[in-house]
Asker: 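First the structure, then my questions, so here it is.
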There are 2 protein chains.
Amino acid sequence: MTRDLRPHPDTRPAASAPWRPTRQRTAVLNALHGRTGFTSAQELHEALEADGVTIGLTTVYRTLHALDRSGRVDVVRDRTGERLYRHRPTDGHRHYIVCRACGLSAAVEAEAVERWADEVAETMGFAEVEHTVELSGVCDPCRTEHRRTAAEPPPPRSGRGDRRADS
Amino acid sequence: MTRDLRPHPDTRPAASAPWRPTRQRTAVLNALHGRTGFTSAQELHEALEADGVTIGLTTVYRTLHALDRSGRVDVVRDRTGERLYRHRPTDGHRHYIVCRACGLSAAVEAEAVERWADEVAETMGFAEVEHTVELSGVCDPCRTEHRRTAAEPPPPRSGRGDRRADS
DNA sequence: TACGGGGTGAAAATGATTACCATGTGCTAC
DNA sequence: GTAGCACATGGTAATCATTTTCACCCCGTA
Ligand SMILES: [Mn+2]
Ligand SMILES: [Mn+2]
Ligand SMILES: [Zn+2]
Ligand SMILES: [Zn+2]
């Protein structure tokens, strides 16, 4: 039962390690670029493995976290609280509206909210204010289909938010 | 090993059961009224038991859900995704700004956001649009205390969001 | 070749929330 | 009142996304 008492691992996290483009990290990044909608860590992992990429779920989570911290992805939470990631197309953060039926997502203009948030922060005397703004609803196609089929709600058209509303 | 095959339980959910003011439900409601800030189901449960109220955690969750569905409480999610509830003071929904250090919460004016959300819904052609808007930051007292103590962050002043900024 | 900081990932731990389901209770029809 | 049933309750087990652990791998450098 003698515990392992070797030297002193001293495995400190390393405040900010240099970003090494490993096979796995590259794969995650590519996978994200290949999708237009939001994807969960687990879905991403499955997709990667399905594509023949060998990678641990842990690594997917870690990578997504890092990308989030460095602001290279946008994150939202679905109603169960699960985190969904999306590669951030342009610079600066964005807000989206997501269809609860098919997952379709589209970026929305939110300058008004940004200004409102700043104003509130000042008024209330709060610092380092962060905001969470998420919109969800039922997109037009889904609504139509819903009317047609008076029965079960239309099954997710594709994985999660693969289609786009832009056009 | 013969299973219980009595009549036919027919335990259907019951679309909308009448609200019976049971001992437990009353206790939960009271506990919520006694707090000004946001509280998690688990905290509420602990508090209740501490007050001598015998109630199951399951029931607390169920009651909170019901209150949420009927719009009698506001719900936010902290950064871990945990749901925090707060008795809704006035009618109509509200948005809050919460201090990440001490939990202090205060309602904020968000008409601008409401209008923005409606506008986006129409522009994007989405129906049944719901929105989540949450602000978090560091309140003035906490910021001050933080400057003073250059060490560990100020420990939560009290449970979770008990103090208020209104005044 | 030895050393050391990153990285990885299988496996186990967490922890909030939910599902089950046997048992209790408020109401109402008789 | 009392029976009967829908509604409620709560202990316990199950879910399930995310986090921790920690032994091991990779690779550039001394
Ligand atoms: Mn924003
Ligand atoms: Mn609102
Ligand atoms: Zn849709
Ligand atoms: Zn504070």
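All chains are named by letter (A, B, ...) in the order of the sequence lines, taking the proteins before the strands, and each is independently numbered beginning at 1.
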Asker: Checking salt bridge (charged side-chain N to carboxylate O under 4.0 Å, His left out) for the pair B:Arg143/B:Asp140: CA distance, chi angles, key distance, verdict?
Answerer: CA-CA 5 Å; B:Arg143 188 145 23 99; B:Asp140 196 59; 3.2 Å; yes
Asker: Any side-chain N or O of A:Thr59 less than 4.0 Å from the OP1 or OP2 oxygen of C:dG9?
Answerer: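 Looking at the OP1 and OP2 atoms of C:dG9, one of them is under 4.0 Å from a side-chain N or O of A:Thr59.
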Asker: Counting only side-chain nitrogens and oxygens, does B:His65 get under 4.0 Å of the OP1 or OP2 atom of C:dT18?
Answerer: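 For C:dT18, OP1 or OP2 has a side-chain N or O of B:His65 closer than 4.0 Å.
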Asker: Heavy-atom nearest nucleotide on DNA chain D for A:Leu57 versus A:Arg62: which residue maps closer to 5'?
Answerer: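 The answer here is A:Leu57.
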Asker: Kindly say if B:Arg83 contacts the phosphate of C:dA16, meaning a side-chain N or O under 4.0 Å from OP1 or OP2.
Answerer: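 Indeed not, no polar side-chain atom of B:Arg83 lies that close.
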Asker: Between B:Pro21 and B:Thr80, who's closer to the 5' end of DNA chain C by nearest nucleotide?
Answerer: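 Per heavy-atom nearest nucleotide, the more 5' residue is B:Thr80.
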Asker: Between B:Tyr85 and A:Trp19, who's closer to the 5' end of DNA chain C by nearest nucleotide?
Answerer: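 Nearer the 5' end of the strand: A:Trp19.
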Asker: Would you kindly compare B:Val60 and A:Arg77 by the position of their nearest DNA chain D nucleotide and give the one closer to the 5′ end?
Answerer: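 So the residue in question is B:Val60.
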Asker: Ignoring backbone atoms, establish whether A:Thr22 has a side-chain N or O less than 4.0 Å from OP1 or OP2 of C:dT8.
Answerer: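 Answer yes for this pair, as a side-chain N or O of A:Thr22 is under 4.0 Å from OP1 or OP2.
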Asker: Which residue, A:Arg94, A:Arg88, A:Arg86, forms the salt bridge (Lys or Arg N to Asp or Glu O under 4.0 Å) with A:Asp74?
Answerer: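 Exactly one candidate clears the test, A:Arg88.
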Asker: Could you tell me whether the phosphate oxygens of D:dT9, OP1 or OP2, come under 4.0 Å of any side-chain nitrogen or oxygen in B:Arg25?
Answerer: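 Yes, B:Arg25 has a side-chain N/O under 4.0 Å of OP1/OP2 on D:dT9.
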Asker: Does A:Gln24 put a side-chain nitrogen or oxygen below 4.0 Å from OP1 or OP2 of C:dG7?
Answerer: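 The answer is no; no side-chain N or O of A:Gln24 sits under 4.0 Å from OP1 or OP2.
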Asker: Would you call the rings of B:His131 and B:His95 parallel, tilted or perpendicular, where under 30° means parallel and over 60° means perpendicular?
Answerer: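 B:His131 vs B:His95 ring planes: tilted.
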Asker: For B:Trp116, is the NZ or CZ atom of A:Arg115 found under 6.0 angstrom from the centre of its six-membered ring and inside 45 degrees of the ring axis?
Answerer: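 Here A:Arg115 fails the 6.0 Å and 45° test against B:Trp116.
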Asker: Are OP1 or OP2 of D:dT9 and a side-chain N or O of B:Thr58 less than 4.0 angstrom apart?
Answerer: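 Checking B:Thr58 against D:dT9: no side-chain N or O falls below 4.0 Å of OP1 or OP2.
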Asker: Quick one: A:Arg23 CZ to C:dG9 C1', roughly how many Å, whole number?
Answerer: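 In whole Å, C:dG9 C1' lies 11 Å from A:Arg23 CZ.
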Asker: Please classify the nucleic acid contact of B:Thr63 as base, sugar-phosphate, or nothing, using heavy-atom distances under 4.0 Å.
Answerer: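 Touches nothing.
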